[in-house]
Amino acid sequence: MAGMEEREQMEQREQRDGGAAVTDPRGVLRQGRAFLDFFWDIAKPEQEVRLEATESLLRHLREGKKDDELKYTLKRLVEGLGATREAARPGFSLALAQVLQAFEEIPLCSILEQIKEKHNLEKVKKKLVRNAAFGNFFGVMALFQSGRLVKDQKALLESIHLLQQLTNYQTHLRDLPRKTLIDITSEVPETVFEEVLFDILQGDLSSAFTSPENLQLLLVGMQKFPGVLKPKKLKKLFGSPTVVNKENISRLVELLKSAAKSEKEDKKLPSVVFDLLQVALKEGAFELFWNEVVENGLLKEKSGPVSYMCYRLLGSALPLLSMEQLQVVLKGKVMLHYGEHVVATQFPQGFKFATEMEGYIDTFLSGCDDPERQLAVMMGFSTLTNQGKPVLLSTSRVVRHLQAVALQKYICWLKDMFLRPDLDCCLDFSSNRQKQNRENADIAHQKAARLRKWIIHRLVSITESATKKEESLVMDIARFSFFHAFFVAKKKNSQIAEASVLPSEPLNERDHMETENYFFGLLQTLNTLPVLGDTAKAAALREKHVHGVTADGKLWVFLLVEYANKLLSSEHVKSVKPFTKEQRDIWERTLQSVKNLQKKENKSDSAKVGAFQQLLLSMAIHLFKNQSETVDVLSDLLSCTERAFSKEAKKKKTDISEPGWVEVMVEILLSLLAQPSLLLRRISKSVFVWICPNLTKKGLQLILDVFDPNQEQNEESAVVVMEESNKKTKSSQDMDEEGSEDSSDEDSTDSEDEESEEVDDNFRSQLMKVLQAGNTLEGDKSDEELDDEAMMALDKNISALFAEQQKRIQAKKDEKDRMRKEKILRRDFKAKVLDLIDVFLVKQAENPLVFDIIEPLLQLIEQCMSSDSDKQEVDFLQKTASIFKNSLCRNKQYCKRVASLQEDVHALVQRLVKKACKHTDSAVALYYFSASLYLLKVLKGNTASTLPPPEPEKQSDSRAKQACQLLNPGCLNVKKVAVIYQQALTQFLSKRNSPLTCSMFHDLFKRFPIMCKPLLDTLVEFITAAARQHQQAMACLLLHKVLLLHELKLFITEEEWEELISRSISQVTECLKTLGKPIMKAEKEKVAKSLELLNFLLKTVTGQKLNVKLTEVEKVLLTLNQREDIGNSPRLDSLYWNVMHWLNYTKPKKEKAASKPAQGAESLKRKKKGFLPETKKRKNRKKGIQENGVTPGEDGEPAAPEEQPLGTETPKQKKVLVPGGSKKNPSRGGRENGVAKVGGGDLPTANGGDAVADKKKKKRRNRKRKGAAGDEAEQVPAAKKTKGSVVQETQQKQNKAKKKRKEKKARVLQE
């Protein structure tokens, strides 16, 4: 009963908080809590919870079919319509709509009466008017959403009346009632509107030009019920048969302005504007509406919301307009205004409408089937230009929706505009800043250049974004771009399509340069373009993920080379950069070589042929761009090709001194990687993928030499690094400079200081000479004795000296900047070459050459750790480390042909482990150790040629197979490798600062259980033999982890296992015997690890019933229990009793009852010692004052010090000395005055407490004085430091900086 009463109280609370509590005469509330929980969930803010609760409520009502529950539900939902919480109101409204839809027998009029009665706007209190207004509104919404309101004319009429009343509560509901009224009107049939609604809405329709909502109601009625709202009836309503006419222009403009301002937060087109546009089109007054209302009316209102409304109206109107109307809109003032907005808001803080307008264009093009209208819109936005440059993005992807016909016409129009720029057809404008900066230059020529640049970029981007493109269309764009990048037509020629039309204005050098850059971007797109076409062959090539070829299998670049050859042999065109005889010969040789390769494509290795063909053709195209350098590369490439495919090279070996074709190809690829062209770099990577299977050791060494600082000093292996037009060559001098920079910051800073000092000294001496020459240093003479000519000569000499000094300083800065840029370029080049290493490790993981990459990669990581810590270096280190971990160590594929390389791989393992042991940085040592584990994986995964792997008796048994794999050492020499890791383990457990870590050896044991047995003796020995406490703890931890491995038992017998457990227990026992008294902090970790290990050992002895003596360990453990150190540490105490559990000892319970009296007595003593009087306590201060009879002085003044008890003085009085007291002890007056008695008993004085407080205050004062003195000392200028102290301080700072860099890079490596 109490629970039900509490539930009813909660229901009543809900009425205040937004729920609905009702009287319950029939006991519905007592039928079950699940039913009531539906209403609680309907009011929750989560939409999913509300919907689920509504569905559950409907299901419950349908299944129960109880009238009392349905009645309660309706009453509860009606009351919830006016809930205070915003999320609850729509929840109850939706639930009510669903209930009314499910139970059609419920009359709507009765529900509407309940709503009016419950949320009566006239009787409700003033503070609840808002809730009542929302209750009525959501009630009508529920009736409308039920779908039954349109059928019930009486309920419909009353609902419209109610909504009209709610329009008076605009402060709470704003325009929601009007919008709902419009929605209801748009849903009713025409007969219902004419018979029922027209009379009641006649007032609203006649006042259509008073508010945007009334206007929208009229517009919706005109569109939905044209038979009712005829022109005659409209003339009766507001005096004119049409809405859009000259008389209504001014009123429409004002209404649209107010609509724009009301919708500015939603950032969408107001519905009334779009409806007005539709009515204007229907009335045949679109031009009047657009010219007078929009352009001459709204655009003159210089406000953001109105302008954005005009832009949105422009975008929304596109699907509704005809060709003639599109021309009016696309050449009008709104377009011009939009273009100015786009140019003006290119800054980050401006609101950019361009993306929204592109969405409107995209919507129009995707839904329009008329190619002519599509073309008109694309041309309209492409001719909206800012000083020749179109506002539409050249990379816009809206062209993907163009029909094939429209796309073809659009491309032809772009090409024609490129050749003959027609600026008169463009809607061109200039920003205010451009108008101010306008000079007397040739503006028309600049506009044509900007337009051509945009057009060529637009053409190139069409090949990427257009979906309905064909091979002929792509080839047409490629030929057009290539021709105008490198050729000029002498006269018209019908045989060459690109020369059939001559440009109205010849292209200048800058135009050719821009076209050339975009052409190579197009060439990069063509190399990655999927196969086009709908044929079966094209589909088959797409399934194979073949890129860069046409449907018949020809390379795009080959077709372009053929076209270029045709142009070179034509007399009607000339090259922008004519070929010399040598360049023409190399061109012819390249084409012949490509033809020979195509003949061998089916006979030889197709990948090899494709690699050479792709590279030859790409370099041939680059011959038009950079002729002098490309000739050398092509000649080397041609000789390499001849050597690679010659028959003599296959029959007999070539000369050892002469490099093979693979080495030459690698050198060419490295030189291409150094080029600034992204296209060449990508081609070089793709070609390298093809030649990877043929890569030799010398070819790989050429790549690795890029990272070797010793090899970089060789001039022959110098790599040319290009930056724009400047060539940066890696020479020995550059590498020395880089090495000196990277070696240490200390040397560089010291050398800079010394140089600056020397420069200052030299400059000072030269200045002294100049002044002495002018006789200005003589003591007796003054400046007045020098005549004008001498002064002029002196000034001239001094200015020349300072100018020369300034030149020296600038030259040093330039040199330093040049070295910095070269360093950045070298690092970028190494990063690109590192990609080749990554490709090789991924594609050729089973190649034995992978072993030659391990040490160079590790040395590279080591170099990066010792270099600068700028972002570029850190990124390069991270990239190198990622390649080493992911592409090498974690690669599931590895070399399976190690039988002949066993000795070399074992030697490499030894070198790696030794370097890991000798390294000072643990992060780098981890990579060396991981590399050795990778080699162990390779050795163990290979099968020895002499010994076949033992096969289990039952091949079907998976456990037997797994055991067989673990037992099979493969090519791994376990004894030899065990010695290597045993030395490393010994160093780890004996050396003071070892770079090795416990996780390294745990990884070794976990991944290679075959290595556990040889190293177990070392671990057991160092439990006691380790020199330091933490090393003994590490030995215990490692042994514990090894013993936990299930695979260990596969390698040892039962006798060896029992002996191992026995030895381990004895070693741990001896370790625990050596503990000091008391146990130091360093020993606690050792004790913890020892007890953890001992717990496992004793558990194993007990569980497996091993024959091991435990008497000695029991004695040692019992002596440990007598120490307080174990009991004081909860961790050690828990571990200790876990161990003792296996020896049948239980932890004794502490007796708390016996210690209570003693604790009580002790607490009483302590309480008396630090006891405070009642007057000192906050809660009893006033009480104590009244009991003592002490009252405040007159006029609110506090009582005198001698009249107040201790502890009640004000802060001001505490500072005043008590009469008879001294400065040092201000509380002495309190002792002399004493304390008044309370309750007839003597209270102890508070002198003890005051003394303690005084001491604390003195300490604080002393600290403040010391701090102030320290600050004063800091403010006093220090004496001049000696040279040694300065050097020492700088060295300390540099060491700190180095340490920070190492920590930062170590974090990168660990990540």
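Below, all heavy atoms of this structure are taken into account, side chains as well, without hydrogens, waters or symmetry copies. For the single chain, residues carry numbers from 1 onward in sequence order.
- Under the 4.0 Å criterion applied to side-chain N and carboxylate O atoms, R1063 and E1059 are not assigned as salt-bridge partners.
- Side-chain contact check for K1086 versus T1074: some heavy-atom pair is nearer than 4.5 Å.
- Because its NZ or CZ atom is not both nearer than 6.0 Å to the ring centre of Y894 and within 45° of the ring axis, K892 does not count as a cation-pi partner of that residue.
- Using a 4.5 Å heavy-atom cutoff, the side chains of E862 and Y927 are not in contact.
- A salt bridge does not link K879 with D838: every distance from a Lys NZ or Arg NE/NH1/NH2 to an Asp or Glu carboxylate oxygen is 4.0 Å or more.
- Heavy-atom contacts from other residues, nucleotides or ligands closer than 6.0 Å to NZ of K843 number 12 or fewer.
- A donor-acceptor pair is defined here as one N or O able to donate and one able to accept, closer than 3.5 Å; such a pair exists between the side chain of N1138 and the backbone of S1134.
- A distance of 5.5 Å separates CG of L700 from CZ of F840, quoted to the nearest 0.5 Å.
- To the nearest 0.5 Å, the span separating CG on L1016 from CD on E1056 amounts to 10.0 Å.
- Side-chain contact check for F851 versus C895: some heavy-atom pair is nearer than 4.5 Å.
- For K1073, the NZ atom counts as densely surrounded, since its 6.0 Å shell holds more than 12 non-hydrogen atoms of other residues, nucleotides or ligands.
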Trace of the side-chain contact (heavy atoms from CB on, under 4.5 Å) decision for D1133 with S1129: CA-CA 6 Å; D1133 187 58; S1129 173; over 6 Å; no

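- Q1029 places no side-chain N or O within donor-acceptor distance of the main-chain N or O of E1083, the cut-off being under 3.5 Å.
- Between R1131 and E1092 there is a salt bridge, since at least one side-chain N of the basic residue sits less than 4.0 Å from a carboxylate O of the acidic one.
- One N or O on the side chain of H906 and one on the backbone of Q902 form a donor-acceptor pair closer than 3.5 Å.
- The shortest side-chain heavy-atom distance between I854 and L935 falls under the 4.5 Å cut-off.
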Residue pair F884, I837: steps toward the side-chain contact (heavy atoms from CB on, under 4.5 Å) verdict: CA-CA 10 Å; F884 183 83; I837 298 292; over 6 Å; no

Audit row: Q1032, T1024, side-chain contact (heavy atoms from CB on, under 4.5 Å) steps and yes/no: CA-CA 7 Å; Q1032 293 178 1; T1024 56; 5.7 Å; no

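- Remark: of the listed residues L1120, L1118, T1146, L1118 is the sole one forming a side-chain contact (heavy atoms from CB on, under 4.5 Å) with M1140.
- Residue V850 comes nearest to A845 through the heavy atom pair CG2-O, 3.9 Å, listed as atom of the first residue, atom of the second, then distance.
- Counting heavy atoms from C-beta outward, F876 and L834 have side chains that approach closer than 4.5 Å.
- Looking at every heavy atom in both residues, N694 comes nearest to V662 through O-CG2, 3.3 Å.
- Checking each of L1038, I1023, L1037, V1139 against L1093 for a side-chain contact (heavy atoms from CB on, under 4.5 Å) leaves exactly one that passes, namely I1023.
- Counting heavy atoms from C-beta outward, F707 and T880 have side chains that stay 4.5 Å or more apart.
- Between V1108 and L1097, the closest side-chain pair of non-hydrogen atoms is not below 4.5 Å.
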Derivation of the side-chain contact (heavy atoms from CB on, under 4.5 Å) call for L1043 and L1060: CA-CA 10 Å; L1043 294 176; L1060 174 62; 3.6 Å; yes

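- Residues N973 and L939 form no side-chain contact, since every pair of their non-hydrogen atoms from C-beta on lies 4.5 Å or further apart.
- A donor-acceptor contact shorter than 3.5 Å links the side chain of Q1067 to the backbone of V1020.
- Counting only distance, with no hydrogens or angles, the side chain of T1069 and the backbone of I1065 share a donor-acceptor pair below 3.5 Å.
- The environment of NZ in K1006 is sparse: at most 12 heavy-atom neighbours from other residues, nucleotides or ligands sit within 6.0 Å.
- One N or O on the side chain of Y1136 and one on the backbone of L1117 form a donor-acceptor pair closer than 3.5 Å.
- In terms of heavy-atom proximity, H919 sits nearest to A925 at CB-CB, 4.4 Å.
- In terms of heavy atoms, L1015 sits closest to L1004 at CD1-CD2, 4.1 Å.
- Here the NE2-NZ distance, from H1002 to K1041, works out to 4.5 Å after rounding to the nearest 0.5 Å.
- Atom CG of L888 sits about 11.5 Å away from atom CZ of R890, to the nearest 0.5 Å.
- Considering every non-hydrogen atom in both K940 and F1008, the closest pair reads CD-CD2, 4.1 Å.
- Here the rule is side-chain hydrogen bond (donor to acceptor under 3.5 Å, both in side chains) with W1142, and of N1095, T1102, T1100 only N1095 fits it.
- For the atom pair L912 CG and E855 CD, the distance stands at 5.5 Å (nearest 0.5 Å).
- Counting only N and O atoms by type, the side chains of E1112 and S1066 include no donor and acceptor under 3.5 Å apart.
- Residues Y981 and F1001 keep their aromatic ring centres 6.0 Å or farther apart.
- Side-chain N or O atoms of K937 include one that pairs as donor or acceptor with a backbone N or O of C889 at under 3.5 Å.
- The number of heavy-atom neighbours closer than 6.0 Å to NZ of K1099, taken from other residues, nucleotides and ligands shown, is 12 or below.
- Minimum interatomic distance between L704 and P856 (heavy atoms only, all atoms of both residues): CD1-CG, 3.8 Å.
- With hydrogens and angles left out, the side-chain atoms of Q987 and S994 include no donor and acceptor closer than 3.5 Å.
- Summarising the geometry, atom CE belonging to M1000 is positioned 4.5 Å from atom CG belonging to L926; distances are rounded to the nearest 0.5 Å.
- Put simply, the side chain of Q982 never gets that close to the backbone of T1018: no donor and acceptor are under 3.5 Å apart.
- In K991, the NZ atom is crowded: over 12 heavy atoms of neighbouring residues, nucleotides or ligands sit closer than 6.0 Å.
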